[in-house]
Amino acid sequence: LVQVLTAACKAADSIDNDHIYPIRYGAAGLVHGRIVSSAQLPALEYGSTQDAVCRLLAQAHEDPKAWKLLLQVDHYGIPHAPFASARSLMVEYGYEDCPVLVSTLDNDDTLQIQAVPAKALSPTMPNIF
């Protein structure tokens with residue numbers, strides 16, 4: 001876990017985008033016993049930004065069941081759930097059971113980190129047939 005967090009933080013720090021957006025994101029995952037990581041590539045037109053988790057899935061697109069952990073952090077090291085495009089990709093392409101680390105605040109404003117399956121972060125796929 002510490003190695004995945006370190007890789008995600010290094011990825012977030014690898015892109016100097018403060019002139020575009022003040023927050024940087026990095027993602028890392030554990031796949032087949034190895035750690036893979038990627039940074040968000042920000043664009044001035046935010047819709048053109050390449051999401052860190054989407055880039056990570058594209059670079060290490062393997063058997064979705066081989067993914068044992070996924071983590072996205074900001075440059076402070078705080079875990080964030082994947083953004084909408086990444087959540088959709090994960091659920092629609094077989095990563096729905098991959099544990100994703102997310103953070104929440106409890107009643108006394110203490111940061112809690114928990115693992116949830118990717119499918120818990122996205123709406124249920126419609127059954128159109």
Closest non-hydrogen atoms of Ala11 and Ala39, given as atom of the first, atom of the second and distance, are O-CB, 3.1 Å

Minimal heavy-atom distance between Trp67 and Gly29, with the atoms involved, is CZ3-CA, 3.9 Å

Nearest 0.5 angstrom please: Leu56 CG to Leu70 CG, how far? 6.0 Å

Please name all residues satisfying side chain to side chain donor-acceptor pair (under 3.5 Å) with Glu45, sequence neighbours left out, ordered by chain then number. none

Mind checking what makes side chain to side chain contact (heavy atoms under 4.5 Å, CB included) contact with Ser85, not counting sequence neighbours? Asp51, Cys54

If you measure from the Lys or Arg side-chain nitrogens to the Asp or Glu carboxylate oxygens, is any gap between Lys65 and Glu96 under 4.0 Å? yes

Grouping I, L, V, M, F, W and Y whenever their side-chain heavy atoms are under 4.5 Å apart, do Leu30 and Val73 come out in a common cluster? yes

Mind checking who shares a hydrophobic cluster with Tyr25, ILVMFWY linked at side-chain heavy-atom distances under 4.5 Å? Ile23, Phe83

Please round to the nearest 0.5 Å and tell me the distance separating atom NE2 of His80 and atom CG of Leu71. 10.0 Å

For Val53 and Ala27, which heavy atoms make the closest approach, and how far apart are they? CG2-CB, 3.9 Å

Interatomic spacing from SG in Cys9 to NE2 in His75 - rounded to 0.5 Å: 11.0 Å

When you group the ILVMFWY residues by side-chain heavy-atom contacts below 4.5 Å and let the links chain together, are Ile78 and Val102 in the same group? no

Are the side chains of Met90 and Ser122 in contact, using a 4.5 Å heavy-atom criterion? no

Mind checking who shares a hydrophobic cluster with Leu41, ILVMFWY linked at side-chain heavy-atom distances under 4.5 Å? Ile15

Given side chains that start at C-beta, do those of Leu1 and Leu101 come closer than 4.5 Å, heavy atoms only? yes

Rounded distance [0.5 Å steps], OG in Ser14 versus CD in Gln40: 11.0 Å

Work out which heavy atom in Gly26 is nearest to a heavy atom in Ala12; give both atom names and the distance. N-CB, 3.5 Å

Listed partners of Asp16 passing side chain to side chain donor-acceptor pair (under 3.5 Å), at least two apart: none

Are Leu57 and Tyr93 grouped together when hydrophobic residues (ILVMFWY) are joined by side-chain heavy atoms under 4.5 angstrom apart? yes

Do Leu69 and Val116 land in one hydrophobic cluster if side-chain heavy atoms of ILVMFWY residues count as linked below 4.5 Å? no

If I take atom NE2 from residue His32 and atom CG from residue Asp63, how far apart are they, to the nearest 0.5 angstrom? 5.5 Å

Please indicate whether Asn107 has more than 12 foreign heavy atoms, meaning atoms of other residues, nucleotides or ligands, lying under 6.0 Å from its CG. no

Checking side-chain contact (heavy atoms from CB on, under 4.5 Å) for the pair Leu111/Leu105: CA distance, chi angles, key distance, verdict? CA-CA 5 Å; Leu111 186 70; Leu105 290 176; 4.2 Å; yes

Quick one: name the residues clustered hydrophobically with Tyr46, using the 4.5 Å side-chain heavy-atom rule over I, L, V, M, F, W, Y, and just say none if it's on its own. Ile20, Tyr21

Does Asp13 offer a backbone N or O that forms a donor-acceptor pair with the side chain of Arg24 under 3.5 Å? no

Give me the atom names and distance for the closest heavy-atom approach of Gln72 to Ala81. NE2-O, 3.1 Å

Quick one: are Val100 and Tyr95 in side-chain contact, heavy atoms under 4.5 Å? no

Indicate yes or no for a side-chain donor-acceptor contact from Gln50 to the backbone of Ala43 under 3.5 Å, with no hydrogens or angles considered. no

